[in-house]
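One structure is given here, and the rest of the page talks about it.
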Amino acid sequence: MRRSMHLTVAAVLFPMWLAGCRSTPPGKLETKSVQWAKHHLTVGGKKDRNPLPPTAENIYAGRQAFGSYCVVCHGRDGQNTGVPFAATISPPIPSLAGSEVQSYTDGQLKWIINNGIFPSGMPASKGILSDEEMWQMILYIRHLPPAGSLGDPRAYSGDEFTENPDASK
Amino acid sequence: MKYRLWVVCLALGLVSASCLGQSPARRIEIHARRFSFTPAEITLEKGETVTLALTSDDVPHSLLIEGLHINGTMTKGHITEVNVTPEAVGDFKGRCGRFCGSGHGSMLFVVHVIEK
């Protein structure tokens, strides 16, 4: 009796142990409930407005700021182009052109860039980017180019150490 | 002949006097280093032309002051000279205009412009 109970417990725990550390995509229910919570409960700044007008200069400056390090996860086009882990990280990185992201207000996007967002791999950028750069980046996010039109991030070109003479030592 | 000489001397005198009367533009050297400017604020007089000498002590930066139409690159071992003549009194905020690492967003600069 005791032995069969031990076997049952082991049979339940073993698969959990196997799967526990693996990165697996969230289910539909989890995704929907977390997205609802983010949009309506946890992400602040809903009423904050972008102080910058959507001029060509500001959108260009936003693209430049976006190129500082956002491209490593979001791609140059904000649509994950060339990002090898975009679909396998958990939760997957959303396309910034998609409705999940575009349905946030400008103020919420600023809040997310400032503070990062849980649960996801999105880090906080407060102090790393200036307020003005963040607002400019939001203008860029609202005016993204066609997917794939800007090529892949340099980080994934495979020549990270090519010009570093110390790399071969 | 004497009359021509006189005119030449007078012209030379006027030119040299006007040159002596113009003081050279004030020069302010500004260094950038992860993650601050030194100095981080300067005071200028309205209408005064000042030369900002920009350089970096480490990685590439830039001094971006949109209100004064300044965006000067700052690279190590090189001085970029930017002339500025502020036309309005006030505080003009600047920042690093080139991403330089984890504290880039905290690299701030202020130009106070006062009346003469």
Side-chain angles (χ1 to χ4, degrees), chain A residues 45 48 50-76 78 106-107 109-117 121-141 150 153-155 160 163-164 166, chain B residues 30-42 44 52 54-78 80 82 84 86-88 90-113:
Chain A
D48 294 344
N50 194 335
L52 304 177
T55 60
E57 291 78 16
N58 278 330
I59 294 168
Y60 177 79
R63 190 182 87 165
Q64 296 303 105
F66 193 81
S68 57
Y69 62 91
C70 310
V71 293
V72 176
C73 289
H74 292 292
R76 290 178 168 191
D106 283 358
L109 290 177
K110 170 73 160 44
W111 189 96
I112 291 169
I113 297 169
N114 233 343
N115 300 289
I117 190 163
M122 179 73 185
S125 292
K126 195 172 188 173
I128 302 175
L129 296 168
S130 67
D131 274 0
E132 191 177 27
E133 284 170 320
M134 292 185 207
W135 286 122
Q136 287 170 333
M137 276 169 46
I138 290 161
L139 292 177
Y140 176 60
I141 291 168
L150 300 181
R154 281 189 191 156
E160 182 72 36
E163 291 176 22
N164 183 355
D166 295 331
Chain B
I30 299 165
H31 288 249
R33 186 180 189 86
R34 282 173 159 176
F35 294 103
S36 62
F37 292 102
T38 307
E41 54 186 300
I42 59 175
L44 309 181
L52 305 180
L54 310 176
T55 190
S56 168
D57 296 336
D58 49 28
V59 299
H61 302 271
S62 88
L63 178 59
L64 175 63
I65 311 171
E66 288 181 346
L68 296 174
H69 310 293
I70 293 172
N71 190 9
T73 57
M74 305 177 85
T75 49
K76 191 176 182 181
H78 176 76
T80 302
V82 176
V84 56
E87 290 164 358
D91 288 348
F92 296 86
K93 291 179 181 176
R95 60 180 172 87
C96 180
R98 178 168 177 159
F99 185 73
C100 59
S102 60
H104 163 75
S106 60
M107 279 188 74
L108 304 176
F109 192 87
V110 181
V111 179
H112 305 287
V113 180

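Naming convention: chains lettered A, B, ... in sequence-line order (proteins, then strands); numbering from 1 in each chain.
Within the structure, side chain to side chain donor-acceptor pair (under 3.5 Å) pairs that include any residue of residues 65-74 of chain A comprise A:Tyr69-A:Ser125 (at least two apart or interchain).
A:Glu132 places none of its side-chain heavy atoms less than 4.5 Å from the side chain of B:Lys93.
Annotation: residues 94-110 of chain B contacts chain A through B:Arg95, B:Cys96, B:Phe99, B:Gly101, B:Ser102, B:Gly103, B:His104, B:Gly105, B:Ser106 [non-hydrogen atoms, separation under 4.5 Å].
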